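Letters go in sequence order (proteins before strands), and every chain restarts at 1. These numbers were taken from a predicted model, which means no experiment stands behind them.
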Amino acid sequence: MNTRKLSSFDLKSRDFIYTSLSNTLSSATNPRDLHKIHSLIITLGLYKYVLFSGKLISKYSQFKNPLASLSIFGQSSHKNNVYMWNTIIRAMTHNGLFSKALDIYTQMRGLKIKPDNYTFPAVINSCANLLDFETAKLVQEHVLDVGFGSDLYVCNALIDMYSRLNDFGRARNVFDKMPKRDLVTWNSLISGYSSNGYWEEALEIFFKLRMAGLIPDCFTVSGVLCACSGLMEVDEGRVVHGLVEKIGVKKDVTVSNGLLSMYFKFDRLMDSRNFFDNMDVRDAVTWNTMICGYFQFGLYEESIKLFLQMVQYFKPDSLTVASVLQACGHVRDLKSGRSIHEYLVKNGYKDDITANNVIINMYVKCGELLAARKVFDSMKSRDLVSWNSIISGYVENKFYEEGINLFKLMKIELEPDSITYLILLSLCIHCVDTYYAMQLHCNIIKSFGSTITLGNALVDVYAKIGKMEDSKKQFENMETRDIVTWNTIIAACNHCEDCSFGLRIISRMRNEGITFEVATLLSTLPLCSFLGAKRQAKELHGCIFRLGFESNVSIGNAVIEMYSKSGMLGYSIRVFKLMKTKDVISWTALISAYGMYGEGKKALRAFEGMRKVGVVPDHIFFVAILFACSHSGLVREGRACFDQMKKDYSIEPRKEHYACMVDLLSRSGMLAEAEEFILSMPLKPDASIWGALLSACRAGGDIKIAERVSEHLLELNSDDPGYHILASNAFAALGKWDQVKMIRKSLRTRGLKKQPGFSWLEIQNRVYIFGTGERFFEQHQEVSDLLDILSDLMAKEGYVADLRYVLHDVEEDEKFDLLCGHSERLAIAFGLLNTEPGSPLQIMKNLRVCGDCHTATKYISKIVQREILVRDANRFHLFKDGTCSCGDKW
DNA sequence: CTAGGGTTAG
């Protein structure tokens with residue numbers, strides 16, 4: 001009886017230990033407890049129970065110790081038990097060891113252990129994570145073989161897998177054949193669609209789900225939010241937000257994060273902020289979304305501040321750090337950048353490739369190339385982004401050779417991508433290296449064929465290195481073009497001053513029905529400014545209204561410039577007045593406009609107005625105001641502006657400001673003072689400064705100073721042929737033909753060509769262009785005859801040709817012919833012949849108007865009684881009844 | 001078995 005009692009007690013206590021230990025094991029919350037329980041199980045010999053081995057495996061996996069799980073499984077004697085296999089496979093997938101999971105599954109099949117419906121979901125999940133389509137199909141066959149083709153869990157896993165693999169045909173096939181579906185089934189399909197960018201489809205499934213009478217949960221809402229954000233469907237988004245409130249999933253932090261991120265995607269900064277402030281639960285992702293969202297709004301300091309707040313509550317992960325490091329780079333906050341770098345190293349992100357890439361980028365942006373390189377060199381493995389980042393770092397910091405060398409090294413390790421080539425193409429622009437650009441072009445064709453982005457970059461590069469023909473060829477050869485292609489070619493036309501081609505491009509765009517973007521207009525408007533094409537200008541202005549861009553500040557600024565350069569100062573002023581927001585550039589545009597028309601007083605008054613509204617001038621603004629003063633002979637006022645710039649705005653004068661001052665003094669005939677000013681400058685005077693003085697000397701006829709200044713100018717040996725021509729002209733005026741010949745020879749040997757002069761005018765929507773000395777145009781004979789008649793009439797009025805403006809050493813009467821061949825005269829004569837008597841004429845010239853032509857035009861305006869508006873490279877001259885608006889201070 | 005946040009160029 002005693003024995004029986006005892007053994008009954010024994011059994012009971014055994015039973016008790018078994019159950020309580022099993023419970024303790026399940027509820028263990030830390031690895032230390034787990035170890036203790038594990039030892040106890042070994043001591044008590046409970047290993048022989050399948051239950052304990054299995055629970056230990058999953059518990060270790062829960063604490064991220066898959067190696068312990070594997071070791072227990074290896075030592076286990078229950079290899080014929082499917083529960084053990086299921087457990088170890090799940091342990092592996094739980095720890096992200098998907099190929100190990102598949103290995104074990106293969107072993108299991110080899111041992112002919114029959115899987116059950118708990119086996120497959122984890123196996124299928126592994127295939128999905130590995131994007132292993134082939135194994136996936138084999139597993140599905142296996143599923144059908146062993147008869148789990150209709151199992152809810154297995155089918156859900158299959159749908160998830162196929163939709164993640166972007167094979168919605170198979171996913172839908174499984175979905176359609178299921179005898180019974182649950183919410184997870186629908187959710188899997190929705191998130192599959194939305195994470196692959198099939199947003200409409202995701203919403204469609206969502207509506208079907210609702211029609212089927214199911215109540216959405218957090219998973220559903222997350223997927224739908226992602227789709228709404230992608231579609232930028234504000235209305236849908238609102239509906240979902242309402243739904244979130246209604247079904248009460250708002251306390252789910254993932255759903256809230258989804259909403260937060262949606263508001264950012266809709267550019268609703270304040271809504272995002274309010275939502276964030278009212279969130280009950282926040283996690284690291286919440287903070288990341290905020291930091292990243294603020295970054296995308298350009299609120300860099302704010303996003304760094306958010307980061308500093310976040311670290312009080314959460315340990316930032318590599319994703320957080322990636323966002324905030326970008327912000328540091330943007331504002332060149334090296335101090336924060338460095339400390340975050342240290343944080344990453346200390347917290348075990350040393351080998352996170354993305355984190356390192358972002359650090360490299362941050363250092364590059366802060367100009368710390370050596371620090372960037374040190375990180376790059378210390379990386380265990382590098383990806384494309386790492387290489388591209390460091391190469392672009394070298395290019396950005398102007399170490400071009402090192403950039404190319406790194407590119408060579410890169411090619412040994414991996415295949416460069418299109419971004420690598422974009423970086424190298426930008427290098428070509430900086431170095432003006434046509435040969436290397438062509439070499440890259442060949443490589444690009446070999447490795448990528450033709451892609452739009454690279455094609456666009458090539459159009460851009462060829463134009464910027466001055467190969468406009470190659471740029472056009474590249475543009476024409478492109479099979480497909482996007483709006484950027486068009487914007488780029490127009491910008492290219494601008495850069496190379498190939499305006500007529502630019503206008504043709506614009507009409508091609510119209511014919512092809514391509515909608516203009518702000519960027520398109522920002523390249524097109526300067527094209528019209530350059531051409532001074534009135535009709536095109538008005539048409540474009542209309543187009544701006546139709547597209548609703550009239551309140552865009554940059555557009556407004558460009559329109560002011562366009563009208564002023566097209567001879568329509570009134571329109572320019574009106575546009576300025578109507579602009580709701582004006583920045584310093586708008587004011588600069590207005591003041592330059594006044595300056596070009598010699599309205600210096602009005603320019604100064606506008607400056608007063610600008611000061612009153614509190615807009616702060618910058619250094620470019622001062623160029624404009626000094627220009628305006630100098631073109632109106634306002635010496636005292638100009639000097640005052642120059643002094644103010646330094647005193648009131650602490651802007652250190654640059655070369656261009658000194659050049660304006662020299663221009664101001666010398667234009668008003670104060671040549672000696674101008675020379676003195678140059679010699680007392682704190683900067684070394686360059687060609688533009690001496691050039692300003694020299695061109696005034698010539699107009700003022702001071703030969704002595706002209707000769708001295710010419711010597712200075714030639715010493716500097718500028719790359720701009722204009723200054724050599726200027727000096728050569730000065731010597732020609734002095735009759736020093738030997739010097740002239742020498743300059744011409746040196747220009748020839750250096751390959752510098754004088755920019756050919758041409759003039760153009762618009763008559764009835766057509767632009768007519770005339771080159772100097774050109775004889776092949778419509779009505780050449782008539783034009784020539786008219787010029788002959790005009791010169792007779794001019795002579796009677798007292799005109800004497802100023803032969804100093806002829807550069808060639810030829811006979812006097814031939815010189816006279818050469819003057820008459822100047823492009824502006826041809827254009828004026830052509831204009832007189834083809835427009836109504838008494839109507840005003842408007843002529844554009846690419847260079848500065850010649851002094852003799854200036855005089856001649858004054859006479860012509862009186863003889864024919866016409867207003868002649870001439871825009872040269874600098875400004876407008878309005879000729880009227882024998883005088884010019886520039887007051888001869890051209 | 002199902003959900004959210006990150007890197008290079010333009």
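Rounding to whole angstrom units, CG of residue A/Asn196 and P of B/dA3 are separated by 12 Å. If you measure from atom CD1 of A/Ile429 to atom C1' of B/dG10, you get 11 Å, rounded to the nearest angstrom. The distance between atom CE of A/Met290 and atom P of B/dG6, rounded to the nearest whole Å, is 14 Å.
Out of B/dC1, B/dT8, B/dG6, the shortest distance to the side chain of A/Asn156 is found at B/dC1. Nearest to the side chain of A/Asn187, among B/dA9, B/dC1, B/dT2, sits B/dT2. Listed nucleotides B/dG6, B/dT8, B/dC1 differ in distance to A/Asp352; the shortest reach to its side chain belongs to B/dG6. Nearest nucleotide to the A/Cys292 side chain, out of B/dT7, B/dG6, B/dG4: B/dG6. Distance from the side chain of A/Ser426 is smallest to B/dG10 among B/dG6, B/dG10, B/dC1. Of the candidate nucleotides B/dG6, B/dT2, B/dG4, B/dG6 has the atom lying nearest to any side-chain atom of A/Ala355. Of the candidates B/dG10, B/dT8, B/dT7, the closest approach to any side-chain atom of A/Ser392 belongs to B/dT8. When the nucleotides B/dT7, B/dT2, B/dG6 are ranked by their closest atom to the side chain of A/Val385, B/dT7 comes out on top.
Using a 4.0 Å heavy-atom cutoff across all strands shown, A/Arg90 reaches sugar-phosphate atoms only and no base atom. Among the heavy atoms of the strands lying under 4.0 Å from A/Thr254 is at least one base atom, whether or not backbone atoms are also near. Nucleic acid contact for A/Val358: sugar-phosphate only, since backbone atoms but no base atoms lie under 4.0 Å from a heavy atom of the residue. Among the atoms of the strands shown, none is found under 4.0 Å from any heavy atom of A/Asp383. Counting non-hydrogen atoms under 4.0 angstrom, A/Arg181 reaches nothing in the nucleic acid. A/Ile419 comes within contact range of at least one nucleobase, with a heavy-atom separation under 4.0 Å. Using a 4.0 Å heavy-atom cutoff across all strands shown, A/Asp182 reaches no nucleic acid atom at all. Using a 4.0 Å heavy-atom distance criterion, A/Ser191 is classed as a sugar-phosphate-only contact. Within the 4.0 angstrom heavy-atom criterion, no nucleotide atom of any strand lies near A/Ser386. Residue A/Cys218 is in base contact, counting any heavy-atom pair closer than 4.0 Å across all strands shown. Nucleic acid contact class of A/Ser222 (heavy atoms, under 4.0 Å, all strands): base. If you check every strand for non-hydrogen atoms under 4.0 Å, A/Asp283 touches a base.
Residues A/Asp167 and A/Arg170 are paired through a salt bridge, judged by an N-O separation under 4.0 Å between the basic side chain and the carboxylate.
Distance check: A/Thr289 OG1 to A/Met262 CE gives 13.0 Å after rounding to the nearest 0.5 Å.
The closest side-chain donor-acceptor pair between A/Asn487 and A/Asn456, if any, does not fall under 3.5 angstrom. In summary, the side chains of A/Ser389 and A/Asn361 do not present any donor paired with an acceptor at a separation below 3.5 Å, with no hydrogens or angles considered.
Remark: A/Gln326 is not in phosphate contact with B/dG6, judged by side-chain N or O atoms under 4.0 Å from OP1 or OP2.
For the ring-ring contact (aromatic ring centres under 6.0 Å, His included) with A/Trp287, the qualifying choice from A/Phe276, A/Phe307, A/Tyr294 is A/Phe276, the only one to do so.
When all heavy atoms are compared, the tightest approach of A/Asp333 to A/Cys366 is N-SG, 4.2 Å.
Under 3.5 Å, the side chain of A/Asn456 and the base of B/dG10 form no donor-acceptor pair of N or O atoms.
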